[in-house]
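Remember, it's 1-based here, ligands and their atoms both numbered in the order they're listed.
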Amino acid sequence: MSDFIPVCTPVLDGNEQRYVTQCVETGWISSEGEFVRRLEDGMARHCARCHGIAVSSGTAALEAAMHALGIGPGDEVILPTFCIISCAGAVVRCGARPVVVDSLPDTWCMDPAAVQRALTAKTRALLAVHTYGLTVDMAPLVDLARREGLALIEDAAEAHGQSIGDAPCGSFGDISIFSFYPNKLVTTGEGGMLLTDSDALAQRLRELRNLCFQPERRFVHQTLGFNWRMSNVQAALGVAQLERLRPHRQKKRAIGQRYAELLADTPGLILPSPTGPGCTNDYWVFGVVLDDDIPLGAEDVMRRLGEAGIGTRPFFWPMHEQPVFLNMGFFAGESHPVAERLARRGFYIPNGLGITEDEQQRVARAVKEALRHVA
Ligand SMILES: *Cc1c(COP(=O)(O)O)cnc(C)c1O
């Protein structure tokens with residue numbers, strides 16, 4: 001269908017081509033190139049952090065964070081059940097136990113009171129995940145981590161440029177991470193970033209991402225590392241994207257606010273909250289949730305929208321309902337009703353930076369049409 005509106009397409013309208021060409025012309029395409037350092041410094045400065053460590057994906061960043069913090073067998077890490085598999089996957093891969101908590105019904109982000117209740121003597125770390133454009137209420141988690149001596153990891157993969165009060169997302173964790181996947185607000189195609197103020201953690205992360213080569217004697221290893229390096233070509237895209245973060249973020253917000261107006265008072269439809277704890281919604285995605293009295297699930301409405309040429313994506317599926325984790329013996333018999341409901345009744349609609357006002361109107365009309373006879 002030629003007039004299909006995809007859920008997201010990246011916009012590369014700054015210096016991307018120029019910087020990538022520079023890599024090709026100079027031959028600096030590996031992870032040793034100068035754009036990697038520039039992207040690391042740029043992200044660190046942006047979030048008022050001391051160190052940036054670029055890696056190959058947001059998922060790699062999460063795994064690197066767990067390894068660098070020494071989390072392993074016998075440890076528990078508390079995280080939201082409503083998030084991407086990368087988060088719980090990173091906990092499981094380092095041999096620790098993921099302990100999941102429900103989301104708040106208004107912001108869809110993890111509930112700090114539930115985190116408090118999930119604490120045990122084995123809790124080693126908290127993993128806070130800013131979700132869909134709103135932020136986790138960080139103040140109680142920062143307090144809790146300090147009081148209990150826990151590591152705090154902040155997943156800001158969906159929160160480039162977002163802040164809580166005056167504090168940038170990416171400034172809260174012992175380690176904070178970002179993703180640069182193409183649907184994120186800064187993209188390198190594939191890529192990720194870790195930020196920290198600790199010299200020791202930064203050094204450990206740099207070793208881990210580069211096979212734990214040692215400066216004294218190359219090819220002699222005391223510990224096993226990984227190849228999580230980012231290439232200079234990817235970083236070149238990222239440097240150009242970071243230059244455009246401010247206008248792109250404004251555009252994203254404007255798209256979200258326009259949908260909020262176009263879809264206001266649609267019977268049967270719950271819209272994302274325009275504000276969260278200390279923040280206004282960035283609308284990283286524009287998620288909608290069907291009212292309980294609508295006799296359709298998200299799948300049905302998404303199918304109808306697909307037939308109308310509108311791309312959609314389902315919401316996250318809760319970690320405590322993932323076959324892979326249930327088969328490993330995690331989460332047996334657990335229930336987290338807010339996340340379960342979001343997963344079954346939520347989906348998001350096209351809000352890529354390239355979307356036009358006309359296209360947004362078409363999307364809004366199609367959403368209303370899909371619900372007309374059922375709401
Ligand atoms: C996208 C995303 C990730 C994973 O990033 P990749 O670069 O795709 O590996 C991790 N956490 C959150 C919250 C994300 O949205």
Side-chain angles (χ1 to χ4, degrees), residues 7-8 10 39 43 47 52-67 77-94 98 100-101 103 107-110 125-136 138 141 152-162 169-170 172-173 175-195 205 209 226-231 234-235 237-238 241-242 249 252 272 276 279 281-287 313-319 322 339 342-343 346-348 351-352:
V7 79
C8 183
L39 183 59
M43 287 291 295
C47 297
I53 301 95
V55 290
S56 50
S57 70
T59 303
L62 287 164
E63 293 186 21
M66 298 295 160
H67 279 280
V77 178
I78 303 176
L79 72 159
T81 193
F82 188 68
C83 70
I84 192 166
I85 192 82
S86 311
C87 301
V91 176
V92 170
R93 277 191 203 282
C94 69
V100 296
V101 299
S103 292
T107 65
W108 310 340
C109 288
M110 76 197 288
L126 311 179
L127 171 51
V129 186
H130 305 303
T131 302
Y132 291 175
L134 286 173
T135 57
V136 176
M138 290 303 287
L141 297 187
L152 181 60
I153 305 163
E154 179 191 17
D155 182 343
E158 304 175 3
H160 297 267
Q162 179 60 292
C169 290
F172 288 94
I175 298 178
S176 300
I177 75 101
F178 287 90
S179 161
F180 300 124
Y181 190 71
N183 64 354
K184 307 295 159 76
L185 217 39
V186 172
T187 183
T188 61
E190 300 287 351
M193 181 70 65
L194 299 116
L195 301 180
L205 289 165
R209 85 166 159 190
F226 302 83
N227 181 351
W228 283 326
R229 300 183 298 252
M230 173 188 278
S231 82
Q234 292 169 312
L237 288 171
Q241 285 270 295
L242 194 54
R249 196 163 154 264
K252 200 81 170 177
C279 76
N281 203 329
D282 259 357
Y283 299 110
W284 172 66
V285 297
F286 196 90
R313 287 281 182 287
F315 272 14
F316 293 133
W317 195 254
M319 292 306 112
Q322 296 287 346
L342 288 171
F347 61 94
Y348 49 95
N351 78 332

- prompt: Do the rings of F172 and H130 sit parallel, tilted or perpendicular, given the 30° and 60° boundaries?
  reply: perpendicular
By number and element, which atoms of ligand 1 are closer than 4.0 Å to a non-hydrogen atom of [X]?
X	value
T59	4 (C), 5 (O), 6 (P), 9 (O)
S57	7 (O), 9 (O)
V129	13 (C)

- prompt: Does atom CZ of R229 have more than 12 heavy-atom neighbours from other groups under 6.0 Å away?
  reply: yes
message: Does Y181 have more than 12 heavy atoms from other residues, nucleotides or ligands lying within 6.0 Å of its OH?
response: no
query: Hey, are S176 and E154 close enough side-chain-wise for a donor-acceptor pair under 3.5 Å?
result: yes
N or O contact, G58 vs ligand 1, cut-off under 3.5 Å: yes
query: Can an N or O of S86 be found at a distance shorter than 3.5 Å from an N or O of ligand 1?
result: no
task: May I ask whether C83 places a heavy atom under 4.0 Å from ligand 1?
output: no
message: Between ligand 1 and G191, can you find any atom pair, the residue atom being a heavy atom, that is separated by under 4.0 Å?
response: yes
Which residue owns the protein heavy atom closest to [atom], what's the atom, and how far is it?
atom	answer
atom 11 (N) of ligand 1	D155 OD2, 2.6 Å
atom 3 (C) of ligand 1	K184 NZ, 3.8 Å
atom 15 (O) of ligand 1	E158 OE2, 2.6 Å

Member of F347, F286, Y283, F316 meeting the ring pair (Phe, Tyr, Trp, His ring centres under 6.0 Å) criterion with Y132: F316
- prompt: Charged N to carboxylate O below 4.0 Å: is that the case for D282 and R249?
  reply: yes
